[in-house]
Amino acid sequence: MEQELKVKIESLIKSEKVFLFMKGTPEMPQCGFSAGVVSTLKQQGISFGSFNVLSDMKIREGIKEYTNWPTIPQLYINGEFVGGHDITVQMAQSGELKKKVG
Amino acid sequence: MTIPEIQKKIEEGLPGSKVEILDPYRDGVHIKAVVTYNGFVGKGLIEQHRMVYATLKEELKEEIHALALETRSE
């Protein structure tokens with residue numbers, strides 16, 4: 001992976017405590033799973049930053065390689081990869097998500 | 001890719017696993033795989049999902065539009 005791309009991805013991940021790579025924007029998600037994570041975070045009262053991977057093909061492919069995770073959305077907390085849609089929902093249900101955000 | 005093909009790929013990739021594919025919208029596109037596999041024991045959720053994704057490496061690039069996952073061990 002190109003160094004420049006890696007640096008860009010890492011600076012995004014670290015730009016907010018909770019950061020989401022998604023398809024579309026929180027206001028207008030472009031995929032059901034992205035919409036699902038956004039509504040889960042909102043329900044939990046968790047504020048987050050986000051990046052629309054549909055706006056940048058390099059990031060869209062790069063983030064999959066960076067995390068070794070083949071799908072989007074991808075959620076990061078404190079710079080650490082947390083999971084995709086299913087894991088996020090499961091963690092919200094168990095209360096683990098809020099604990100992780102602190 | 002058909003639902004039985006996806007099921008077969010996961011079962012072959014994780015020998016001994018039990019895979020149930022759900023098609024809640026009956027559209028053959030937004031599908032969910034429930035995977036029960038003893039190899040998940042002691043592994044975190046991220047790792048469990050990665051193990052399933054690894055069996056569908058090529059398919060996830062193009063053919064599979066939306067795959068929800070639920071993983072558990074017996």
Side-chain angles (χ1 to χ4, degrees), chain A residues 1 13 18-24 29-41 44 53-54 57-101, chain B residues 1 3 5-14 17-74:
Chain A
M1 164 173 263
I13 289 170
V18 182
F19 197 86
L20 179 66
F21 289 85
M22 63 179 292
K23 292 180 179 170
Q30 301 284 313
C31 124
F33 290 142
S34 289
V37 174
V38 167
S39 74
T40 301
L41 291 171
Q44 302 268 313
V53 299
L54 300 178
M57 202 58 193
K58 274 187 134 172
I59 300 247
R60 181 179 179 172
E61 292 311 314
I63 192 69
K64 296 178 187 173
E65 193 190 327
Y66 179 80
T67 314
N68 181 26
W69 190 263
T71 57
I72 289 159
Q74 293 186 10
L75 184 69
Y76 294 78
I77 298 174
N78 291 324
E80 182 200 341
F81 178 58
V82 169
H85 171 267
D86 306 310
I87 292 178
T88 303
V89 169
Q90 209 172 319
M91 286 175 69
Q93 282 163 354
S94 70
E96 215 180 314
L97 194 65
K98 271 204 119 159
K99 225 191 280 173
K100 218 172 167 65
V101 175
Chain B
M1 189 175 213
I3 285 174
E5 282 169 342
I6 293 172
Q7 181 174 358
K8 193 165 162 244
K9 273 235 126 166
I10 300 174
E11 283 175 345
E12 282 176 358
L14 303 173
S17 63
K18 269 199 298 209
V19 180
E20 190 186 355
I21 309 277
L22 311 174
D23 183 9
Y25 301 104
R26 301 201 169 273
D27 61 3
V29 176
H30 298 87
I31 56 174
K32 175 172 180 171
V34 181
V35 184
T36 309
Y37 181 50
N38 282 335
F40 291 148
V41 174
K43 297 203 159 62
L45 280 175
I46 292 175
E47 202 46 45
Q48 294 179 18
H49 283 222
R50 276 197 182 120
M51 288 163 78
V52 179
Y53 285 143
T55 69
L56 297 165
K57 207 162 186 276
E58 291 309 309
E59 292 77 7
L60 281 163
K61 284 184 190 156
E62 297 280 339
E63 293 176 67
I64 299 178
H65 171 67
L67 176 70
L69 276 187
E70 188 179 321
T71 54
R72 48 171 90 133
S73 47
E74 272 178 307

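All values reported here derive from a predicted model rather than from experimental measurement. Reminder, nothing fancy here: chain letters follow the sequence lines and each chain counts from 1.
Crowding of A:K64 atom NZ: a count of heavy atoms from other residues, nucleotides or ligands under 6.0 Å exceeding 12.
With respect to B:E12 and B:K8, a salt bridge is recorded, a charged nitrogen being found less than 4.0 Å from a carboxylate O. Salt bridge B:K18/B:E74: present, at least one basic N to carboxylate O contact under 4.0 Å.
Residues of residues 31-54 of chain B lying within less than 4.5 angstrom of chain A, judged on heavy atoms, are B:L45, B:I46, B:H49, B:R50, B:Y53 in numerical order.
With chain B as partner, the option from A:V82, A:D86, A:N68, A:T71 having the largest number of non-hydrogen pairs under 4.5 angstrom is A:D86.
Although no hydrogens or angles enter the test, the distance criterion places a donor-acceptor pair under 3.5 Å between the side chain of B:S17 and the main chain of B:L14. Formation of a donor-acceptor pair under 3.5 Å by the A:K98 side chain with backbone atoms of A:Q44 is found in this model. Under the 3.5 Å distance criterion, the side-chain polar atoms of A:N78 are left unmatched by any main-chain donor or acceptor of A:E80. At least one donor-acceptor pair closer than 3.5 Å links the side chain of A:T67 to the backbone N or O of A:I63.
If you measure heavy-atom distances from A:E61 to chain B, you find no contacts under 4.5 Å at all. Within the 4.5 angstrom heavy-atom criterion, only backbone atoms of B:L67 (N, CA, C, O) approach chain A.
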